[in-house]
Amino acid sequence: MKYSNLKRIIPLTLLASAATLVVAAPAPVTDLNATSTSSAPASSSSIERLERLIQSRNQIQLQLQQQLDGLSEELSEMRGTVERNSYELEQMLERQRQLYIEIDTLRTAKPVPVTTPTDTADTSSSGAYATDTNENEAYQNAVDLILKKKDYAGATKAFQDFVAAYPDSVYNSNAHYWLGQLYFAQKNDIEAAKSFTKVVSYSDSNKRADALLKLGELAKRNNNKAAATKYYQKVLKEYPDSTTAKTADKQLKSL
C-alpha cells in the first residue's frame, strides 16, 4: 500500500470511530419522580400558609362584627334612655305648667282678707264664705303656702289638716282640688285621683270641670285610654263653652 493512500485511510477511520461513539453514547434521562417529590413540600407549605391567612382574616372579621354588634346595642340603649328622659321631662314641665295656671287663676281671683267673710282669697264652690274666722284663716294659710311661700310640701300638709278639721267647710271642694293638684305634681296619682273625684262629687263646685279634666290626664298618664276618653267627653258634654272644654278637646284628639 502506498504511503499516500495510507494517509487518506487513517482520517476516515478515526472519523468513523468518533461517529460510532456518538451514536452509542446513552441519552441523558430526566428523573421526573425526583422533580415531583422535591416540589411537593413547597406546594403544601404554601397551601398551609394560605389557609392560616384565611383563618386569621375570618377571626378578625368575626371580632369586628362582635364589636359592631356591641356598639349597636349600646347605641340603642342610649337612644332609649334619651327618649325616656325626654318624655319624663316633658311630663314634668306639663305638670308644672298646669300648676302655674291654677296658681295664676287663683291669684287673679277677687282677693279678700281672712278677717271678714266677704274678703277671702279663694271663694268656696258655691260662692259662699265661712263664718268661722279660724276656718277662714286655716284655709288662707294653706293657700298662702302655695302662692306666697311656694312651700308645696307644707301646703299639702295644711290642706290635709284643713279637710280633716273642717269636713263640712264651704272651702272643701277647693281644698280637695288643691290637694289633687299637689298630689298630681308629686306623681302621687292614687291620692290625686281620690282628691279630684271628691271635687267631682260637688255638683255645684266651680272646680268640677277642671277636676274632670285632671282625672282624664291621670288616666292618660297611666295609659288608660278608655277612662281618659270618658272624662274628656264628660267635660265637653257638661261644660261645652268653657276654657276647660277646649283643653279637653285638644287632649281627646291627642289620644
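Residues: numbered from 1 along the sequence shown.
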Measuring from L236:CG to K246:NZ, what's the distance to the nearest 0.5 Å? 12.0 Å

Can you confirm whether K194 sits close enough to Y183 that some side-chain heavy atom of one is under 4.5 Å from a side-chain heavy atom of the other? no

Point-to-point distance, once rounded to the nearest 0.5 Å, from NE2 of H176 to CD of Q160: 11.0 Å

Is the shortest side-chain heavy-atom distance between N174 and K207 below 4.5 Å? yes

Could you list the donor-acceptor pairs under 3.5 angstrom formed by side chains in residues 222-231, with sequence neighbours left out?
| unit_1 | atom_1 | unit_2 | atom_2 | d |
| --- | --- | --- | --- | --- |
| N222 | ND2 | D189 | OD2 | 3.1 |
| N222 | ND2 | L218 | O | 2.8 |
| N224 | OD1 | A227 | N | 3.2 |
| T229 | OG1 | K225 | O | 2.8 |

Classify the ring geometry of Y139 against Y171: parallel below 30°, tilted from 30° to 60°, perpendicular beyond 60°. parallel

Distance, nearest 0.5 Å, that separates CD of Q181 from OH of Y152: 11.0 Å

Nearest 0.5 Å, please: how far is CZ in F196 from CG in L179? 9.5 Å

For atom NZ of K198, decide whether the heavy atoms of other residues, nucleotides or ligands shown that lie under 6.0 angstrom number more than 12. no

Nearest non-hydrogen partners of N172 and Y202, listed with the distance: CB-OH, 3.5 Å

Apply side-chain contact (heavy atoms from CB on, under 4.5 Å) to residues D69 and E73 and explain how you reach the verdict. CA-CA 6 Å; D69 291 342; E73 185 177 352; over 6 Å; no

F162 and E135, any side-chain heavy atoms less than 4.5 Å apart: yes

List the atom of P240, the atom of A245, and the distance in Å for their closest heavy-atom pair. O-CB, 3.7 Å

State the CG-NZ distance between D144 and K150, to the nearest 0.5 angstrom. 11.0 Å

What side-chain hydrogen bond (donor to acceptor under 3.5 Å, both in side chains) pairs are there with at least one residue in residues 234-245, not counting sequence neighbours? R208-E238, R208-Y239, D210-T244, K234-E238

Scan residues 51-64 for pairs that pass side-chain hydrogen bond (donor to acceptor under 3.5 Å, both in side chains), counting only residues two or more places apart or in two chains. none

Ignoring hydrogens, what is the shortest heavy-atom contact between I146 and A155? Give both atom names and the distance. CG1-CB, 3.4 Å

Less than 4.5 Å apart, any side-chain heavy atom of V235 and any of D249? no

Do side-chain atoms of S254 reach the backbone of Q251 as a donor and acceptor pair under 3.5 angstrom? yes

E217 and K214: salt bridge (charged side-chain N to carboxylate O under 4.0 Å, His left out), yes or no, with the steps? CA-CA 5 Å; E217 292 178 3; K214 284 296 182 180; 3.4 Å; yes

Contact summary for L215 and A193, nearest pair of heavy atoms: CD2-O, 3.7 Å

Contact summary for A211 and V200, nearest pair of heavy atoms: CB-CG2, 3.9 Å

Between the side chain of N141 and the main-chain N/O of E137, is any donor-acceptor distance below 3.5 Å? yes

Pair T247-Y232, side-chain contact (heavy atoms from CB on, under 4.5 Å): steps then yes or no: CA-CA 9 Å; T247 303; Y232 292 146; over 6 Å; no

Surrounding CG of L50 (heavy atoms of other residues, nucleotides or ligands, distance under 6.0 Å), is the total greater than 12? yes

